Amino acid sequence: QVQLVESGGGLVQAGGSLRLSCAASGSIRSINAMGWYRQPPGKQRESVARITKFGITNVADSVKGRFTISRDNGKNTVYLQMNSLKPEDTAVYYCNVDAITLPGGAVNAWGQGTLVTVSS
């Protein structure tokens, strides 16, 4: 099993910054891709950013230039640095991980979500 613990959400004014963290733990052999999704109020969940184990990133056009995804493979942790936040960035942000578990098996795990609220 893989457990994900997210932190860093909160209330911020437009133009401000937040940094989200997501730490994976459990019976993990290796972690492949790690990413962040978000679900704005009344809307569907959407991909925000993703990073491979080799550090290749893919960022949604709506946040490109403002959000940066990174990871610490030694800590099994993924980060999302969010700058120049806008009210439309308000959402519940979810961490997502593709992992290989011990003794063997592929798992796609989700975090519990952390709320980011951007006030105008």
Side-chain angles (χ1 to χ4, degrees):
Q1 293 291 342
V2 175
Q3 294 82 42
L4 303 179
V5 177
E6 301 159 349
S7 61
L11 173 64
V12 65
Q13 288 188 332
S17 299
L18 284 174
R19 189 192 194 206
L20 304 183
S21 300
C22 173
S25 63
S27 303
I28 298 172
R29 172 176 290 177
S30 64
I31 295 179
N32 296 324
M34 306 180 83
W36 291 94
Y37 290 71
R38 68 184 182 185
Q39 187 164 14
K43 297 184 178 180
Q44 291 187 330
R45 192 174 298 188
E46 61 185 13
S47 177
V48 176
R50 202 151 178 86
I51 184 168
T52 71
K53 63 189 300 182
F54 303 110
I56 298 171
T57 62
N58 188 2
V59 180
D61 288 342
S62 59
V63 304
K64 198 165 291 183
R66 300 188 297 120
F67 290 11
T68 302
I69 188 170
S70 61
R71 63 189 283 174
D72 184 332
N73 290 332
K75 296 181 179 179
N76 287 340
T77 299
V78 62
Y79 306 96
L80 186 67
Q81 178 66 45
M82 305 185 294
N83 299 328
S84 302
L85 282 160
K86 304 176 181 180
E88 51 263 43
D89 294 319
T90 294
V92 177
Y93 284 72
Y94 296 91
C95 175
N96 178 262
V97 166
D98 287 326
I100 304 298
T101 60
L102 295 167
V107 170
N108 182 265
W110 289 91
Q112 79 283 1
T114 185
L115 178 62
V116 172
T117 303
V118 184
S119 63
S120 57

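Note that the coordinates shown come from a computational prediction; the quantities given were computed from them, not determined experimentally.
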Colleague: Does the side chain of Asn96 reach to within under 4.5 Å of the side chain of Tyr94, using non-hydrogen atoms?
Modeller: no

Colleague: Begin with the C-alpha distance, continue with both residues' side-chain angles, and end with the deciding distance and a verdict on side chain to side chain contact (heavy atoms under 4.5 Å, CB included) for Asp98 and Arg50.
Modeller: CA-CA 11 Å; Asp98 287 326; Arg50 202 151 178 86; 2.7 Å; yes

Colleague: Got a second to check how far Gln44's CD is from Gln39's CD, nearest 0.5 Å?
Modeller: 8.0 Å

Colleague: Roughly how far, to the nearest 0.5 Å, is NZ of Lys43 from CZ of Arg38?
Modeller: 9.0 Å

Colleague: Do you know the tightest heavy-atom contact between Thr77 and Met34?
Modeller: C-CE, 4.0 Å

Colleague: Find out whether Trp36 and Met82 are in side-chain contact, i.e. whether some heavy atom of one side chain is under 4.5 Å from a heavy atom of the other.
Modeller: no

Colleague: Nearest heavy-atom pair of Ser47 and Ala60: which atoms, and what distance?
Modeller: O-CB, 3.6 Å

Colleague: Side chain to side chain contact (heavy atoms under 4.5 Å, CB included) with Arg66: which residues, sequence neighbours excluded?
Modeller: Val63, Ser84, Lys86, Asp89

Colleague: Return yes if some donor-acceptor pair links the side-chain N/O of Arg71 with the main-chain N/O of Thr52 below 3.5 Å, else return no.
Modeller: yes

Colleague: Does Lys64 have more than 12 heavy atoms from other residues, nucleotides or ligands lying within 6.0 Å of its NZ?
Modeller: yes

Colleague: Are Ser25 and Val5 close enough that some pair of their side-chain heavy atoms sits under 4.5 Å apart?
Modeller: no

Colleague: With a 4.5 Å heavy-atom cut-off, do Phe67 and Leu85 have their side chains touching?
Modeller: yes

Colleague: Looking at Val2, Asn32, Ile28, Ile31, which hits side chain to side chain contact (heavy atoms under 4.5 Å, CB included) with Ile100?
Modeller: Asn32

Colleague: Any chance you could measure Thr90, atom OG1, to Leu115, atom CG, to the nearest 0.5 Å?
Modeller: 8.0 Å

Colleague: Could you tell me the separation between the CD1 atom of Ile69 and the CD atom of Gln81, rounded to the nearest 0.5 Å?
Modeller: 12.0 Å

Colleague: Tell me whether Thr114 contacts the main-chain N or O of Tyr93 through its side chain, where contact means a donor paired with an acceptor under 3.5 Å.
Modeller: no

Colleague: Flag yes if Leu80 and Val12 sit in one hydrophobic cluster, no otherwise; membership is Ile, Leu, Val, Met, Phe, Trp, Tyr, and two members link when side-chain heavy atoms are under 4.5 Å apart.
Modeller: yes

Colleague: Applying the 4.5 Å side-chain criterion to the ILVMFWY set and letting contacts propagate, would Ile51 and Val48 be lumped into a single cluster?
Modeller: yes

Colleague: Working to the nearest 0.5 angstrom, can you tell me the gap between Gln13 CD and Ser119 OG?
Modeller: 5.0 Å

Colleague: Mind listing the closest non-hydrogen atom pair of Ala24 and Leu4 along with its distance?
Modeller: CB-CD2, 3.4 Å

Colleague: Considering all heavy atoms of both residues, which atom of Ser120 and which atom of Ala14 are nearest to each other, and what is their separation?
Modeller: CA-CB, 4.4 Å

Colleague: Is there side-chain contact between Ser21 and Lys75, with at least one heavy-atom pair below 4.5 Å?
Modeller: no

Colleague: Where do Cys95 and Val78 come nearest, in terms of heavy atoms and distance?
Modeller: SG-CG1, 3.8 Å

Colleague: Do Leu20 and Val116 touch side chain to side chain, with heavy atoms closer than 4.5 Å?
Modeller: yes

Colleague: Heavy atoms, side chains only, cut-off 4.5 Å: are Tyr79 and Asp72 in contact?
Modeller: yes

Colleague: So which atom in Gln3 and which in Gly26 form the shortest heavy-atom distance, rounded to 0.1 Å?
Modeller: OE1-CA, 3.6 Å

